[in-house]
Amino acid sequence: MYADVILPLALNQTFTYGIPVEWEGQMERGRRVLVQFGQRKLYAGIVLRIHNEQPGYDVKPILEIEDEIPIVTELQLEYWRWLAEYYMCSMGEVMNAALPAAFKMQSETKVSRNPELEVDEAELKDDEFQVYELLLELDSLRISDLGKKLNWKNPMPVIRRMYAEGYVNLDEEVKGTVKSKTERRYRWPEGYGEELTQDAFDQLKRAKVQSELLLAYFKLNTDKENPWVREADLLKATDSNRSPLKALVEKGWLEEKVFPVEPERIAAVESAPTLSDQQALAVQNLNTAWEDKITSLLYGVTSSGKTEIYFHYIHECIEKNRQSLFMVPEIALTAQMVKRLQSHFGDKVVTYTSRLSDRERLEVWERMLDPERRPLVILGARSSVFLPFTDLDFVVVDEEHESSYKQFDPAPRYHGRDAAIILAHYHKARVLLGSATPSIESYQNAEEGKYGYAELTKRYSGIRLPVVEAVDIRKETIRKQMHGHFSPRLLEAIKDQLEQEKKVILFQNRRGFAPVVICQNCGHSEQCVNCDITLTYHKLSHQLRCHYCGYSIHPPTKCKSCGSVELKMQGFGTEKIEEDLQVILPNARIARMDLDATRKKNSFQKLVDRFEKGEIDILIGTQMVAKGLDFEDVGLVGILSADSLLNYPEFRAHERAYQLMSQVAGRAGRREERGLVLIQSFQPDHRIIQQVTTYSFEEMFREQRADRKQFHYPPFYRLIHIEMRHVKVEVVSDASDFLAGRLQGIFGKRVLGPEFAPIARVRGQYHKRIILKIENGLSLPKVKKALQTEVKRLDFHKDHRKVRVYFDVDPV
DNA sequence: AGCACGCCGACT
DNA sequence: GTCGGCGTGCTC
Ligand SMILES: [Zn+2]
Ligand SMILES: [Zn+2]
């Protein structure tokens, strides 16, 4: 029998291996196996298919079966296949994204001296002698390390020569030995009766500790259903060590077994929420919609109680003993959120994010596969769609409009929300997309009736919407009345809040505002040598750094272009704002919340706690302050520059600006008092700003939808980006011109470009981009097939074939 | 994607 | 003459 195995490679195919006869019985789809690929490399792969079709080439055998059970379900394999096709990548790439790192195995070759062979050192060539000498010192080492130690670029030819002569041995070392936590437990053997026998006592009368251990076992084993007692408990009760325990096991008085460590017990203290009238109506609408639809959209304004609806359904699933997935953007998965779910669902909740350690992720996966330990509620980021659900009934995608749900690098470039919907299709589960500012796509789907729809338009009683005001900073800028980035209106409002002992949040957009060093004489700024990027200043390391490739230099003291020493740091980042504001308000307690300030573990939570306790008056933050945090007593929210949000050269810029500003505004005065939101802008009359100040989501939606239709964007057209990369600009240009020409022949004016990507050169490679706009109604699979065919044509040309081609389906 | 093999320029 | 550059082809 043969097995087609998925390997962790960007190759659009599986590889067929022979199943050793003795394993034929236990071979199944979804098994993790160790195989050799190429000359010596070993990989762990997943069995996709088992069959009897003998291939026309010699197959290699499967070397090991890695686990007791298949670690990937049949449903997951089909799901992987769908994702690979839709996002135009290999199943190996999907597998890489899906599996916890602890399941991945990859070998490295190690060299060691052949102890059998007498070596005549005179016979060795120079380079061989260097290797030999090194191996006398260290008995074995990886080939890559050997190369580094000897400072050789390619040590392999020498090693191969020495291997052929028999001087050295080569072994494959499979790295990666992360295991889930286990513990030993013991039981009184089955059939020995209910209690300790006199017989046992007699035989152990000279072994005092062993008798004590047995007594302790019977004292500790109170659970009739479960005879196993943890080793740690036994040792603690008798104040002994492992050796008497071992003796008991050897003599057969106790049985030993290894168990996975049980997660901490957490009691659920909250029961299903009582729904308000409007929530009950929404639930009723959703239930009706789900009768014939998979997905429903819940449009609920801030503080209207979307979460109660989510919890209502999750409670329902738990009662049915079925699984639910609560998906949130990674940035919103805060300790606050975890606690809130645990108060409702106790230890039935498990979180799954990239912030977990390899072992923790492995443990979640293993629990999902074990019917006895299966968690019922997964709170997770986008990657939780890859978990081995066995009985998924309900999926929430909270903040469904969030663009951070889209994975970018590496492939598969999947959208967490869309992938969750497909997953739900496979499970015949229900999906609830929730947002206070739904995406144009989802809202359109709801309008068209593709999605069910429910809304919550009323806030909890007593909660009033903040007053949102646009602050025109054109005049102030011309009249030089701005204090740095602060208009007199904003400063006054901040001072006012501080007097009232209220808190202030200031929002500065993250992107494009990192500080840069600019020559005041000629305007020159330091560029990365590998990328088309201006180096930005990092305070921590006191360096100028490229955030694409990591290239960094010390800040220059004079301009490299004109030699002038008049260099000035310019930027609008949170650091700068903090400094400026501290000068204006020396007594205010100001803190920053951005990626830099929260990089250290727990620093985020500490900031949140301090702000909550009132130890900080003003919190200056990026996108981070907008998501998932709920502070009391915030009287004022200031958005320092709306223009940067509105002026992005992306088709979603306006939609996103609306969403972000609304979300930030929602941080003001959520309890009792009415808060104030000030939006500074050079274009205070901009439609989007007007719509934010008047809370006109519907109007924004209609206008944006019209724009999308007119300019051929989603939800009326689907986009595919084809990105081509090569070190030589002529090579990419030629190849992309050729491909675009071919594609125009098929798709006509649906093809745009090629153009240089927004950042034309990254890590020394030039990037060119072709955009395909496919109207709804055209078969996407057919389009993709034609596209693949044309891309394959690049292989027939000696220069075009050198170009790497990447796809991004539904780019954000 | 990685990795081995093979054929040409610049160094001992 | 050897070293090592990369272009070419293959991996079950
Ligand atoms: Zn760079
Ligand atoms: Zn200069």
Side-chain angles (χ1 to χ4, degrees), chain A residues 1-20 23 27 31 33-64 84 87-97 104-111 124-131 142-144 146-147 150-164 170 172 174-175 409-413 723-728 731 735 763-765 788 791-792 794-807:
Chain A
M1 292 216 294
Y2 302 93
D4 292 349
V5 177
I6 306 166
L7 294 177
L9 306 166
L11 287 171
N12 280 317
Q13 59 178 301
T14 53
F15 292 87
T16 306
Y17 287 86
I19 305 173
W23 291 341
M27 191 50 73
R31 281 275 190 185
V33 293
L34 187 73
V35 293
Q36 189 183 59
F37 185 73
Q39 302 269 307
R40 49 174 60 86
K41 190 108 187 166
L42 304 178
Y43 284 117
I46 296 291
V47 174
L48 179 65
R49 191 171 80 97
I50 297 161
H51 57 91
N52 273 314
E53 301 151 25
Q54 185 175 5
Y57 45 78
D58 289 340
V59 294
K60 288 177 178 160
I62 284 173
L63 302 174
E64 281 175 11
Y87 289 108
M88 304 184 75
C89 65
S90 74
M91 281 189 79
E93 287 170 306
V94 177
M95 176 177 84
N96 254 341
K104 295 173 200 168
M105 295 162 73
Q106 212 178 326
S107 71
E108 269 199 90
T109 311
K110 290 192 94 179
V111 217
L124 293 172
K125 292 187 186 157
D126 258 10
D127 47 10
E128 290 173 353
F129 184 72
Q130 283 182 56
V131 173
R142 290 194 205 106
I143 291 195
S144 49
L146 185 136
L150 295 175
N151 210 0
W152 290 353
K153 281 206 188 103
N154 184 15
M156 208 46 210
V158 180
I159 303 296
R160 248 200 308 276
R161 212 160 65 221
M162 293 177 77
Y163 179 66
L170 296 180
E172 288 300 298
V174 180
K175 57 170 193 271
D409 258 341
R413 299 187 167 81
E723 193 150 295
M724 306 177 71
R725 303 181 192 169
H726 195 266
V727 279
K728 288 193 185 136
V731 176
R763 292 169 196 274
Q765 300 236 341
Q788 300 269 27
V791 169
K792 278 208 191 78
L794 294 170
D795 282 342
F796 300 135
H797 187 284
K798 74 171 174 56
D799 283 331
H800 296 166
R801 73 202 304 176
K802 297 178 198 161
V803 176
R804 278 275 101 80
V805 183
Y806 300 85
F807 302 106

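The analysis underlying the following values was restricted to heavy atoms, covering all of them including side chains, and did not include hydrogens, waters or symmetry mates. So you know, we letter chains A, B, ... as the sequences are listed, proteins then strands, and number each from 1.
- Considering CZ of R763(A) and CZ of R725(A), their distance stands at 9.5 Å, rounded to 0.5 Å.
- When the nucleotides dA4(B), dA1(B), dC3(B) are ranked by their closest atom to the side chain of M156(A), dA4(B) comes out on top.
- The distance from atom CZ of F37(A) to atom P of dC3(B) is 10 Å, rounded to the nearest whole Å.
- Across all strands, Y17(A) comes closer than 4.0 Å only to sugar-phosphate atoms, never to a base (heavy-atom distances).
- A distance of 5.5 Å separates NZ in K802(A) from NZ in K728(A), rounded to the nearest 0.5 Å.
- Rounded to whole angstrom, the span from the CD1 atom of I143(A) across to the P atom of dG2(B) amounts to 17 Å.
- Separating the CE atom of M91(A) from the C1' atom of dA1(B) is a distance of 17 Å, rounded to the nearest angstrom.
- Checking side-chain atoms of T16(A) against main-chain N and O of Y2(A) turns up no donor-acceptor pair under 3.5 Å.
- Remark: T109(A) OG1 to L170(A) CG distance equals 6.5 Å, nearest 0.5 Å.
- Nucleic acid contact for Q36(A): sugar-phosphate only, since backbone atoms but no base atoms lie under 4.0 Å from a heavy atom of the residue.
- Whole-Å rounding puts the R161(A) CZ to dA4(B) P distance at 15 Å.
- The separation between K104(A) atom NZ and dA1(B) atom C1' is 15 Å, rounded to whole Å.
- Nearest approach of C89(A) to N12(A), heavy atoms of both residues: O-OD1, 3.6 Å.
- First and last contacting nucleotides of DNA chain C toward chain A (any atom under 4.0 angstrom from a heavy atom, 5' to 3' order): dG5(C) to dC12(C).
- Counted within 6.0 Å of OH on Y806(A), heavy atoms from surrounding residues, nucleotides or ligands total more than 12; the atom is thus considered enclosed.
- Proximity of a side-chain donor or acceptor of K60(A) to a complementary backbone N or O of F37(A) within less than 3.5 Å is not detected.
- For N12(A) and dA1(B), the CG to C1' distance is 11 Å, given to the nearest whole Å.
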N/O to N/O distances under 3.5 Å, protein versus nucleotides 5-12 of chain B:
residue	atom	partner	partner atom	Å
dC5(B)	OP2	R160(A)	NE	3.4

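- In terms of modelled atom types and a separation under 3.5 Å, the side chain of Y17(A) and the main chain of L34(A) share no donor-acceptor contact.
- Atom CG in L11(A) sits roughly 12 Å away from atom C1' in dC3(B) (whole-Å rounding).
- Between the side chain of R413(A) and the backbone N or O of F807(A) there is at least one donor-acceptor pair closer than 3.5 Å.
- Residues L9(A) and R40(A) both approach DNA chain B. Their nearest nucleotides, taken by heavy-atom distance, put L9(A) toward the 5′ side.
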